[in-house]
Each structure stands twice: as C-alpha cells, then as structure tokens.
Engineer: 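Below you'll find the structure I mean.
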Amino acid sequence: MANPQQNKTYESIRMGVDYYPEHWDEAMWEEDVALMKRSGVAVVRVGEFAWSRMEPRDGEFNFDWLDRALDLFARYGIEVVIGTPTHTPPRWLTEKYPDILPILPNGGVYQPGVRGHRCFNSRELRRYGERIVSRLAERYAAHPAVIGWQTDNEFSLLDSQGKQVAEDFRDWVYQRYGTLEQLNRAWGTVVWSGEYSDWNEVNPPLGGSPYQNPSFLLDFTRFQWEMVADFQNGQIAAIRAHCPDHFITHNYHSYPQRLDLYKVGEALDFASFDYYPNTSPDKASTSPYSGALSLDVTRGVKRQNFWIMEQLSGSPGAWMPMWRMPQPGYIRAYVWQALSRGADTVVHFRWRSANIGAEQFWHGLIDHSNVPGRRLAEFAETSAEVQRLAPLLEGTTPEAQIAILMSHEQLEALRIQKQTDSFDYYENVKEYHRTLTKLGMGCDVIDWRQPLEGYRVVIAPHLYLLDDEAAERLSRFAADGGTLLLTARTGVKNLNNVCVMQPLPGLLADCAGVTVREYDPLGSDVVRLDAEDGEQYACSQWADILDPAADRRIEVMARYGGPVFFAGEAAVTRHEFGRGETYYLGTHPEEDYLRSLLLRIAQERDLPHTEGLPAGVQVSVRAGSSGAYLFVLNLSRDTRRFRLGGAYAQASSGEGLLGGRRYGSGEMEMKPYEVEIFRL
Ligand code: GLA
C-alpha cells in the first residue's frame, strides 16, 4: 500500500463539482457525467448527506446505487471524494435513539427536518456513524475512482446540553482539574455562591445565559472542541483502517465560526473550505478582502495548501433571500483568487441547482431547466485554463514573511465577554489582514501556538488570554530581531479566563516596553489620534493610556487628541527590544493609520509591497521549484487603472500567462473581474 504521505494526488491543481446522484433520476447520470467530463470536471464530491439511501433501515445497507455512480465516474476518468453522511442521521435512527438529537441550551430538542441534528457526544451516533463510515471505507477502498474522504460536513458548535454531554463534560473537567478545590479556585466559583461541593453538580451551561461564569463558559467551549475532534477521530480511524492511501479532509465553513479549526485540523491530511464570496454590489468592497482572509486562514490550518470543497457557482439563496447572480467573469476570478492563495483543487457547489428540497435556490452551475448556460461555459473555460497552468503551479505555495496570529481561544473568550459594543475579535483580525492585502503584502494566518521561525513580522491582535509559553515565544521572536505588533486587550487574563493582577499587557509588558495606566472602553465613540508626523486619524473601540517604561528606548508614535481627559497621552508606541522591536497599539485606529504603520514597517524591513492598489484589486505570489508567480486580480465590478510598484512592476512587463498581455512599466488596466498571472 502506498504511504498516504507520498500519495499526493490531492496536490493536483484542477477543478471539480459537488454532485448528488441520489437527487436525480438515474437515467440522467451518464449524460451529467459526460457533460462534466467535457466541461473539465476532474473531481466530484458525493455522498455527504445520503445516509438514508445508504442504510434505509437499521443494518440494511444499500450501496448499489453508489457503486453505479462511482463506476460511471471511473469510466469517465473523474476522481471522487466521498463525504461521510453523519451530518444527517436518518429518521429511523433518531426515532430509535432520540438521544442523537441535540438538546439546545433553552432545553428544546433540535429536531430532524433540516440537517446537523446530531449531538457529537451521543454514543449511538458514534456507533452508527462509525459503522456506516466503516462500511463505506471497506467497500470503496479499492475503487478506482475514489481518492479521498471528507468527514461529515461543516462542523460547528451546537452547545448541546443532553445527559451524555453532561457526563462527558463532568469527566473532562475532572481530568483537567482533579479536585473540586482546584476546580473552584480555577473558575473562581466563590462568586455568587457557585462553588461545587460534588462532581455531580458540574453541568453544561443550561439556559445558555451569557452572564454565567466566563471561566466555566470558556471551558465548556474547549470541551466541545475536543468532542468534535473525538467524533471526527472515530471516523478517521474507521477510514484509515481500510483506506490507508486515501486522504482525509474536512470542509470548514466561513466565520462567524466558533469551532477551533486547528483542533479539528490536527488529524486531517489537509484542510478544505467552502467559499461563497458575497455577490451583492454593496458587499463588493469588502467581500474580496474577507474572502482573502478566509483563504489564508484555511491555508494556515495545516500550514500547507488546501482545497475548496464548495465554491460559489450561482446566486445563493435558501438560508436567506437570494443574492445577486455572479456576473460574467466572477466565477473565473474567484477560482483564481482561491488558487492564488494556496488552494489546489477547487470544487464547485453544485453541478445543477436542486429542484427539490430546501436549497432549491442555492444555484448550481446549471439552472433548474437543465439547459447548460453561461455559468457552466465560464466554469469550463476556467477549467481549461487551470489545466493549462497546472504544470507550472503544482508544488507552489504562497510564501510569507508576515504572520497574523489567530486564536479561537481569544475569539471565544472575547465573545463570552464582549469588551465594547464595537469590539469584535475577528472583525479586527480582518482589518489587519485587509490593510496588508491592500498594500499587496502577503501574509500567513496561523494558530497563535505555532512556532514563529521564518517570519520577520508578527501581528498578534488581542492576546487577551496569555500564558508564559506564548509570552516567552513572542518576546523571543522580537528580541531575536523580529517586528512584533501587539494591541490593546493583551495579557488581560490567564488561560482560565481570570483577570491577572498585574499592569497590562501583563506577561508581555516587558516586551512591549509600556504599561497601561488606565483604560477607557470607547465602544463606538470616536477619538482623535495624533500621529507623530502631524497627521490626524480617528480611533475607537478602546483606549489604553500608556506609560512608556523610563529605562527603555520607546518612540511614542501617536497620542490621543481632542476633548478627552487623556488627550496628549501615548496611544501607540514602538519599543526597541533586543535586536528587534515591539509595537503596541493601545487603541483601534482607523484603517488609514494602520496602513501608514504597516507601510512604514514594509519600507523599513524591505518587504515586498505596492502602494496604490485600487479597491478590489489584489496581488499575491505562489512560489516553488517551478518558479514564482504573481497573480493580479481585479475583483471589482469596475475597470481599474493602477500602477504596480517594485518587483511587481518588473514582473508585469513580462508576458501574462493567462491573457498574454504585457504591461510595460507596471501601468495596469484591468476590466471587471480580469485576472493575470506573471512570472516573478
Ligand atoms: C454549505 C453546505 C452545503 C450547502 C451550501 C449552500 O456550504 O456544506 O451542503 O448547503 O452550504 O447552502
């Protein structure tokens, strides 16, 4: 058997579709598959909701239909990823074992009828889930079309409260704290007479009140992360037992997301993402940027390339009123955006719009009429183009000298106790990322626990919970010559979600070279920010009043202005620390200020960047043994004229690999949704 590490079929650059053979008359299949083949479909994903067809009654398995579908794909040379069907337990199973249905925080039952009605702690779900997965894996281990597996579908947290959840949580808490005394101390349960005197009193947060003990709430989330990972591990073991040379992935959904992507990612071969960039004109200015972040976040899960398992193919609608239809060029441009940020295979959701069920108006590449139209034609052209460039791009990946640290623990702790009305962890991460993207600066987005070797700049927004390990690793990074950027709400708590009794930013105060004398939770109020160069900006959300350490080399880069009691006090500082530097942003400045700060860092550290990219225009680089490739994408609805700077300008004077155009001195003119790729 091949070693899965050597089986790199998943690194192929190509396109695919999601297909639900069980939704269509079998008489249509071959015509569908033949058209897929002609349209450049190389991979399909099937199966992830088809449990009731695979096992119509307890222990009565029926895979004949799936055999016939997979054989058809094999005959046409199309590869297949099978999704395990546990997102939708069949009715006979939930009737037989009602404990499979999650109990919601309000005590209600999450009834079948939609999907996702499964509690990860249910032993019966695990038993039956592993049985169906094992049957599938056994049956298709040697099938010529099958290359890999997707676990379940779009995991998310349910805050399920059932009896089994309570028992498992109690166990988890016991394993973690050992004695009631330690537990009571760690969670600070003395407040409001919350002390536990018996393990049986430890229960999930029934009622779901956000005002419960924050230490307890954060641990309940951590517990759920582990339960999802455990649930997935059961399936992974069942698959690997039969299919050691197949890959296993999971399709993450976008934020708002409470799952710890990294925890679920540990056991996967690579991560996948379901990408639905917003098509509405009023989102045109933000959606390519939040999408770019989602792609970078997905690449960061395993610090390697990834797949798109579902990519927008038509107007979405079902969970909300319909969005606008992707205009010509949109499907192609977003495929290239995904590839430019490290996707290898891009699978489109879905082949044809469903004419049955709740998602009839989440449109596929082909409309209900089944008349192949404009969107399928665009998909096919893009697929041909992708195939043409695949030999160059395979084995390349975005390489970054900048990392943004992302932490689901911070996200969750800051959700449990929202700091001010306008303060949102992920939105702030987006803003740093967006500012870099607008400057043409690539970055990785990685788990805050990852090693930092190889990076020159690390942006660490809101490390609200901190421990010695993280503080030491970050301090060492800066002292060894890195540029570290810290922000307000750093070092506020220990990992038990308990406030520390030391001046902020707590364990990172030495590294920051400043302490917070007092703070003002600004919320939506806007305060003036006076930069050292005389420019005036605005800031909001939060104001740390900073005291620079007297014995350190501190540059005050911006001070609060205007009619606030702390006008003139330091708001943003730079500390020369060891061989490197630490910036501390005590407030949330408007994007223009972030831009000037990050531009300064780019210039001082000689990092590749370009000024003057207009709204919606993005550049990124994939590099590897075949060379380095510069992607330039106009993800806006308008023609854009702009100038690429530095190394990017030079590259654009070569011949474009897609359109064959040359842009002499970096002066570019790109039509709406136009894309070009140059050798760098
Ligand atoms: C998610 C799911 C798909 C489909 C799409 C469209 O991404 O994984 O099954 O429902 O959304 O809503």
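Heavy atoms only: backbone and side chains are in, while hydrogens, waters and symmetry mates are out.
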Engineer: Given side chain to side chain donor-acceptor pair (under 3.5 Å), test H23 with R350 step by step and report yes or no.
Structural biologist: CA-CA 12 Å; H23 292 181; R350 50 189 280 162; 3.3 Å; yes

Engineer: Salt bridge between D269 and K302, side-chain N to carboxylate O under 4.0 Å?
Structural biologist: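 Salt bridge absent between D269 and K302.
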
Engineer: Measuring only between side-chain heavy atoms, which start at C-beta, is S272 closer than 4.5 Å to Y252?
Structural biologist: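 The answer is no, as the side chains (C-beta and beyond) never meet within the 4.5 Å cut-off.
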
Engineer: With the threshold set at 4.0 Å, does a side-chain nitrogen-carboxylate oxygen contact exist between R240 and D245?
Structural biologist: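 No.
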
Engineer: Could you tell me whether E412 and R222 make a salt bridge, using a distance below 4.0 angstrom between a side-chain N and a carboxylate O?
Structural biologist: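 No, this pair does not count.
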
Engineer: Salt bridge or not for E359 and R115, using N-O below 4.0 Å?
Structural biologist: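 Yes, E359 and R115 are salt-bridged.
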
Engineer: If you count every heavy atom of other residues, nucleotides or ligands that lies below 6.0 Å from K418 atom NZ, does the total exceed 12?
Structural biologist: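 Yes.
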
Engineer: Could you tell me whether F169 and F223 have their ring centroids closer than 6.0 angstrom?
Structural biologist: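 Yes, the ring centres sit under 6.0 Å apart.
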
Engineer: Between K263 and D447, is the closest basic N to carboxylate O distance under 4.0 Å?
Structural biologist: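 No, D447 and K263 are not salt-bridged.
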
Engineer: In terms of heavy-atom contacts, does CZ of R91 have more than 12 from other residues, nucleotides or ligands at under 6.0 Å?
Structural biologist: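 No, because the 6.0 Å sphere around CZ of R91 holds 12 heavy atoms or fewer from other groups.
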
Engineer: Taking it one step at a time, do E55 and N62 satisfy side chain to side chain donor-acceptor pair (under 3.5 Å)?
Structural biologist: CA-CA 6 Å; E55 190 181 1; N62 177 7; over 6 Å; no

Engineer: Do V109 and L104 come close enough that some side-chain heavy atom pair is under 4.5 Å?
Structural biologist: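 Not in contact.
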
Engineer: Within the 3.5 Å criterion, strictly below it, is a donor on T151 or Q232 matched to an acceptor on the partner's side chain?
Structural biologist: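 Side chains of T151 and Q232: pair found under 3.5 Å.
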
Engineer: In plain terms, say whether E181 and R185 are close enough for a salt bridge, that is, a side-chain N and a carboxylate O under 4.0 Å apart.
Structural biologist: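 Counted as a salt bridge, because a side-chain N and a carboxylate O are separated by less than 4.0 Å.
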
Engineer: Check this for me: does any side-chain nitrogen of one of D168 and R123 sit under 4.0 Å from a carboxylate oxygen of the other?
Structural biologist: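 Here D168 pairs with R123 in a salt bridge, since their nearest N and O are under 4.0 Å apart.
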
Engineer: Please say whether more than 12 non-hydrogen atoms of neighbouring residues, nucleotides or ligands are located less than 6.0 Å from CZ in F61.
Structural biologist: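 Above 12, so yes.
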
Engineer: Salt-bridged, D444 to R303, with N to O below 4.0 Å?
Structural biologist: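 Judged by the 4.0 Å cut-off on N to carboxylate O distance, D444 and R303 do not form a salt bridge.
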
Engineer: Test of understanding: with ring pair (Phe, Tyr, Trp, His ring centres under 6.0 Å), list the residues that count as partners of H348, not counting sequence neighbours.
Structural biologist: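 H348 satisfies ring pair (Phe, Tyr, Trp, His ring centres under 6.0 Å) with F379 only.
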
Engineer: Check whether any side-chain heavy atom of V46 sits under 4.5 Å from a side-chain heavy atom of F73, and report yes or no.
Structural biologist: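 Answer yes - side chains close enough.
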
Engineer: List in chain and number order the residues that pass ring pair (Phe, Tyr, Trp, His ring centres under 6.0 Å) with F155, two or more places apart in sequence or in another chain; answer none if no residue qualifies.
Structural biologist: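 By the ring pair (Phe, Tyr, Trp, His ring centres under 6.0 Å) rule, F155 matches F120, H250.
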
Engineer: What class does the angle between the rings of F49 and Y20 fall in, given that below 30° is parallel, 30 to 60° is tilted and above 60° is perpendicular?
Structural biologist: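 Rings of F49 and Y20: parallel, as their planes differ by under 30°.
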
Engineer: Can you say whether the rings of Y275 and F273 are parallel (under 30°), tilted (30 to 60°) or perpendicular (over 60°)?
Structural biologist: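 Rings of Y275 and F273: tilted, as their planes differ by 30° to 60°.
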
Engineer: Verify the distance criterion only: is there a donor paired with an acceptor across the side chains of R170 and N203 at less than 3.5 Å?
Structural biologist: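 Per modelled atom types, R170 and N203 side chains form a pair under 3.5 Å.
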
Engineer: Side chain to side chain contact (heavy atoms under 4.5 Å, CB included) for Y455 and I402? Distances and angles first, verdict last.
Structural biologist: CA-CA 6 Å; Y455 294 113; I402 307 172; 5.8 Å; no

Engineer: Would K493 and Q417 count as having a side-chain donor-acceptor pair, cut-off 3.5 Å?
Structural biologist: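 Checked: K493/Q417 side chains pair up, N/O donor to acceptor below 3.5 Å.
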
Engineer: Charged N to carboxylate O under 4.0 angstrom, R127 versus E130?
Structural biologist: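 Answer for the salt bridge query: no.
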
Engineer: Identify whether the distance between the nearest side-chain nitrogen and carboxylate oxygen of D219 and R176 falls below 4.0 Å.
Structural biologist: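 Yes.
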
Engineer: Using a strict 4.0 Å threshold on nitrogen-to-oxygen distance, state whether D468 and R473 make a salt bridge.
Structural biologist: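 No, no charged N to carboxylate O under 4.0 Å.
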
Engineer: Is it true that atom CD of E60 has more than 12 heavy atoms of other residues, nucleotides or ligands lying nearer than 6.0 Å?
Structural biologist: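 Result for CD/E60: enclosed.
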
Engineer: Does W149 have its ring centroid less than 6.0 Å away from the ring centroid of F247?
Structural biologist: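 No; F247 has its ring centre 6.0 Å or more from that of W149.
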
Engineer: Would you sort out whether N305 and T397 count as a side chain to side chain donor-acceptor pair (under 3.5 Å), showing the intermediate values?
Structural biologist: CA-CA 7 Å; N305 288 4; T397 192; 2.5 Å; yes

Engineer: Quick check on the 6.0 Å ring-centre criterion: do Y174 and W199 meet it?
Structural biologist: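 Ring-ring flag for Y174/W199: true, centres closer than 6.0 Å.
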
Engineer: Does the ring centre of Y426 sit less than 6.0 Å away from the ring centre of Y255?
Structural biologist: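 Distance test on ring centres: under 6.0 Å, yes.
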
Engineer: For a 4.5 angstrom cut-off between non-hydrogen side-chain atoms, does V41 reach V347?
Structural biologist: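 V41 does not reach V347 side chain to side chain.
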
Engineer: Might you confirm whether atom CZ of R53 has over 12 heavy atoms from other residues, nucleotides or ligands at distances under 6.0 Å?
Structural biologist: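 No, not enclosed.
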
